[in-house]
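Below, chains carry the letters A, B, ... as their sequence lines are ordered, and counting in each starts from 1. Both backbone and side-chain heavy atoms feed into the values below; hydrogens, waters and symmetry mates do not.
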Amino acid sequence: MTQTPTLYAAYAGHLNTALDALEAAGTLPAGLARGNVTVEPPRDASHGDLATNAAMVLAKGAGTNPRGLAEALVTELVKAPHVTSADIAGPGFINLRLAPEAWLNELLAIGTMGGDYGRSDSGRGTTVNVEYVSTNPTGPMHMGHCRGAVVGDALASLLQWAGHTVIREYYINDAGGQVDVLARSVHLRYREALGEVLEIPDGLYPGEYLIPVGQMLAAEFGNTYVSAPEAEWLVPFRTRAVAAMMDMIKADLALLGVHHDLFSSEAALQAAGKPEEAEAWLRAHDLVYDGQLEAPKGKTLDDWEPVELPLFRSTRFGDDQDRPIKKSDGSWTYFGADLAYHFQKAETADALVDIWGADHAGTVKRIKAAVAAMTLGAGREKPFEVKLVQMVQLMKGGAPFKMSKRSGNFVTLADVVEMVGKDVVRFTMLTRKPEAQMDFDFDKVVEASKENPVFYVQYAHARIRRNLRKAADEGLTPSPQHIAMLGAEECDLIKVAAQFPRLVEAAAAAREPHRVAFYLYDLASAFHSYYNLGNDQPEKRFIVAQNAELSAARLYLATQIGQLVKNGLAILGVEAVEEM
RNA sequence: GCGCCCGUAGCUCAGCAGGAUAGAGCAUCAGAUUCCUAAUCUGGGGGCCAUGGGUUCGAAUCCCGUCGGGCGCACCA
């Protein structure tokens, strides 16, 4: 990447220079940690343009009081470019005011960087593996899966903007009992396709989406397997059914604009002997032993019997009990395979992020324990986070809307996207922090004109584009040549715009894409507000009669704000429309 | 019984690795439209940040307890 640092980064640099000068002068002891020093806009804009807490954070280590240190720092900070005043306030904040040139330069920077404004190298090119969706390949995506898909996808984009190399991965659970059930369900549909009339017993998947799979199998195999024993058809039927389900899931994800780089198969992992490798390594390090599982607490099980199983010592890492990696029939537990899978992922990435539904919260500790055990033991510590996405309560007209996987009568993702559109679904899912539960009310979201933030944000972009087209018709071209003519109102808008790079960095570091959505709403609000000044005051419109130079400057500003909205929406995977 | 998440305006939610007088939308009240599409804007009222302690210059934010809501607690996935 680039280039001149964006405004906040630049002033963080100036602050460091000032602190260095104080160190050189002996006012400040050398080597104090500056990690908690920030340069931010003050919460109250009347305090100034930039605020730093440096004096308060460093005073203790310097053995002095914050205000005294602040005074020394101020004499250095006023040397930074475009600083018109530096005031000490409250317990030791330093508030800086900047000349308009500072903001106009930032506007030029947006113009120069265009679609790259907001990108940074704060991730230093490190590779992050983001695993998300990973729904079982037994049916179409339903709304319960949607939030994790959107959050994971936006997070992946966000991390790329922050300078990480990102692997978007989907783990296909194609080795457990549920895919055998799928195969049996499909076998029924296969017989049905060959003319039998059947009822679907409890315990099999009843969904009609399996009918075409049955027809496909009938076309491929004829009646070869109609009365054959399960052992003969289970594997081929399972393989084809899983492939068909994955095609369907990928199509559903495409409707949402979600695409993965890598699909990893649990069955392939097992076939390659990865769980055995992991087990051997863990046994060699005394992290797996043969022992008895405790009876589950808090509920009574009639058929509970103690059995000896290979157990992973997750209690050493804070889990409540040690966890089995194999079942009594010798096959791998989900955890046993998942552990090997994470081992594999850790080999190819510097950091791992899993996006899981909150219903899997109970298994977070064991998998974190496993990753910690394997990556620490191997001498390569790997940051690993599990982001839990809370449940989405589907609502219709204010009342809960029930989904039931079992009945096959669930609300599919495809249905919802068709009803309300990809952009609305994505943006709505991102206007809440993921760890909070949310309601998704069809009626509200569909009707959704005024109340829906996505339209508000998209309208800002569309409004800008429309005005630029109109200006072009009138022979006006955006130009930075006379941006010095822009005034305080325009600078206020640029100040909001200038937040974008630091916002992207902070959101990426916190792994919180929803912050981008909230920022875009603020930016759109600032823009609409500015734009509406022109309602009563024609001289404040983009296109000012008899003043081509000012018009060109304002159109340039508008162009950059539009670009910024587009950049932010790009992170979220929402389209920046030209027209509404 | 145990673990995890949540609790901020009447409602739905933000609150940027602890910062200054806690913000926005909806709702409500008072206004603005021969408008660059009102899918908009301006202003007012509305808060013991669930609650009790603790940590420090400083807490909605971090720690502990309590209460309330959600999710989970099999060798399932």
Side-chain angles (χ1 to χ4, degrees), chain A residues 35-36 38 40-44 47 51 53 56-57 59-60 65-66 89-93 95 134-136 138 173 175-179 266 293 295-299 301 303-304 307 309 318-321 323-329 331-338 357-365 388-391 393 431-439 441 444 448-453 455-456 458-459 462-463 466-467 470-471 499 502-503 505-507 509-510 512 514-515 517-519 521-522 525 528-536 538 540-544 558 579-580:
Chain A
N36 293 325
T38 58
E40 320 177 299
R43 192 158 283 180
D44 183 343
H47 287 138
N53 61 356
M56 290 181 292
V57 172
K60 202 172 193 177
N65 66 69
F93 287 101
N95 294 319
S134 300
T135 56
N136 286 335
T138 55
N173 300 138
Q178 81 284 357
V179 284
E266 181 183 0
L293 206 55
K297 298 186 173 97
K299 52 159 97 172
L301 291 181
D303 55 348
W304 175 259
V307 202
L309 293 168
D319 201 359
D320 305 334
Q321 58 175 285
R323 304 290 176 175
I325 60 170
K326 275 185 183 173
K327 306 178 203 170
S328 50
D329 68 0
S331 65
W332 297 100
T333 62
Y334 180 84
F335 172 62
D338 202 29
D359 50 344
H360 290 90
T363 63
V364 170
K365 276 190 179 175
L388 291 177
V389 175
Q390 287 292 329
M391 302 286 104
Q393 169 92 302
T431 45
R432 203 134 313 177
K433 60 186 172 195
E435 63 269 29
Q437 296 154 237
M438 77 181 291
D439 293 345
D441 193 313
K444 268 190 193 164
S449 39
K450 249 180 176 176
E451 291 185 32
N452 201 322
F455 292 112
Y456 189 72
Q458 284 184 314
Y459 183 50
R463 191 173 229 184
R466 170 167 36 77
N467 279 275
K470 183 173 189 268
Q499 307 291 326
R502 57 185 292 274
L503 176 109
E505 269 187 43
E512 291 183 350
H514 73 276
R515 290 191 199 177
F518 282 96
Y519 169 78
Y521 188 87
D522 289 343
S525 176
H528 287 309
S529 195
Y530 167 72
Y531 183 89
N532 280 290
L533 292 173
N535 283 345
D536 299 330
K540 295 202 169 167
R541 296 179 184 178
F542 288 158
I543 301 169
V544 187
E579 199 92 54
M580 295 191 75

Rounded to whole angstrom units, what separation is found between the [atom1] atom of [X] and the [atom2] atom of [N]?
X	N	atom1	atom2	result
A/E435	B/C71	CD	C1'	14 Å
A/L388	B/C5	CG	C1'	8 Å
A/N53	B/C16	CG	P	14 Å
A/Q321	B/C73	CD	P	12 Å
A/N452	B/U12	CG	P	17 Å
A/R432	B/C11	CZ	P	15 Å
A/Y521	B/U12	OH	C1'	12 Å
A/D44	B/C16	CG	P	17 Å

- Message: So for A/T333 and B/C75, does any side-chain atom that can act as donor or acceptor lie under 3.5 Å from a complementary atom in the base?
- Response: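 Looking at the base of B/C75, it does not pair with any donor or acceptor on the side chain of A/T333 (distance under 3.5 Å).
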- Message: Quick check: any donor-acceptor pair below 3.5 Å linking the side-chain of A/H360 to the base of B/A77?
- Response: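 In this structure, the two groups form a donor-acceptor pair.
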- Given RNA chain B, 5'-ward residue of the pair A/N173 and A/H514, judged by closest heavy atom: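 This one resolves to A/H514.
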- Query: For A/D329 and A/K60, take the nucleotide of RNA chain B holding the closest heavy atom to each; which residue's nucleotide lies nearer the 5' end?
  - Reply: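 This one resolves to A/K60.
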Nearest-angstrom distance, [atom1] atom, [N] to [M]:
N	M	atom1	result
B/G19	B/A60	P	10 Å
B/U61	B/U55	C1'	14 Å
B/U21	B/U12	C1'	25 Å
B/C26	B/A22	P	22 Å
B/C6	B/G46	C1'	24 Å

- Message: In this structure, which stretches of RNA chain B are paired as stems of three or more consecutive Watson-Crick or G-U pairs, both distances less than 3.5 Å?
- Response: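 As far as RNA chain B goes, consecutive pairing (with distances under 3.5 Å) yields the stems B:1-7 with B:67-73, B:10-13 with B:23-26, B:28-32 with B:40-44, B:50-54 with B:62-66.
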Spacing of [atom1] belonging to [X] relative to [atom2] belonging to [Y], to within rounding of 0.5 Å:
X	Y	atom1	atom2	value
A/K433	A/H514	NZ	NE2	7.0 Å
A/D522	A/Q499	CG	CD	9.5 Å
A/R463	A/F542	CZ	CZ	8.5 Å
A/S328	A/L293	OG	CG	10.5 Å

- Determine, answering yes or no, if A/Y531 is stacked on B/C36 under the 5.5 Å centre rule and the 30° plane rule.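 A/Y531 ring centre within cut-off of B/C36 base, planes near parallel; stacks.
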Is [X] near enough to [N] that one of its side-chain N or O atoms lies under 4.0 angstrom from OP1 or OP2?
X	N	result
A/R515	B/C16	no
A/H528	B/A24	no
A/K433	B/C13	no
A/S529	B/U42	yes
A/R323	B/C73	no
A/K326	B/A74	no

What contact category does [X] fall into here, base, sugar-phosphate, or nothing, at under 4.0 angstrom with non-hydrogen atoms?
X	result
A/F93	base
A/P91	base
A/T363	base
A/D359	sugar-phosphate
A/P42	base
A/G176	sugar-phosphate
A/A507	nothing
A/A89	base
A/R541	base
A/Q437	base

Heavy atoms from C-beta onward define the side chain here; which of [options] lies closest to that of [X]?
X	options	answer
A/K327	B/A14, B/A77, B/G19	B/A77
A/L309	B/C75, B/A20, B/C36	B/C75
A/R502	B/A77, B/A14, B/C16	B/C16
A/N136	B/A14, B/U40, B/A77	B/A77

- Message: Output one letter per nucleotide in nucleotides 29-34 of chain B: B when a protein non-hydrogen atom lies under 4.0 Å from the base, S when only the sugar-phosphate is that close, - when neither is.
- Response: ------
- Query: Got a sec, which residues hit salt bridge (Lys or Arg N to Asp or Glu O under 4.0 Å) with A/K60, two or more places apart in sequence or on another chain?
  - Reply: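 A/K60: no salt bridge (Lys or Arg N to Asp or Glu O under 4.0 Å) contacts found.
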- Message: Evaluate A/T363 against A/F335 for side-chain contact (heavy atoms from CB on, under 4.5 Å), listing each step before the verdict.
- Response: CA-CA 9 Å; A/T363 63; A/F335 172 62; over 6 Å; no
- Task: Evaluate the criterion salt bridge (charged side-chain N to carboxylate O under 4.0 Å, His left out) for residue pair A/E505 and A/R502; output intermediate values, then yes/no.
- Result: CA-CA 5 Å; A/E505 269 187 43; A/R502 57 185 292 274; over 6 Å; no
- Between A/H528 and A/Y456, does the ring centroid distance fall short of 6.0 Å?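 Yes.
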- Message: With side-chain hydrogen bond (donor to acceptor under 3.5 Å, both in side chains) as the criterion, how do A/D329 and A/S331 come out once you've worked through the C-alpha distance, each side chain's angles and the decisive distance to 0.1 Å?
- Response: CA-CA 6 Å; A/D329 68 0; A/S331 65; 2.7 Å; yes
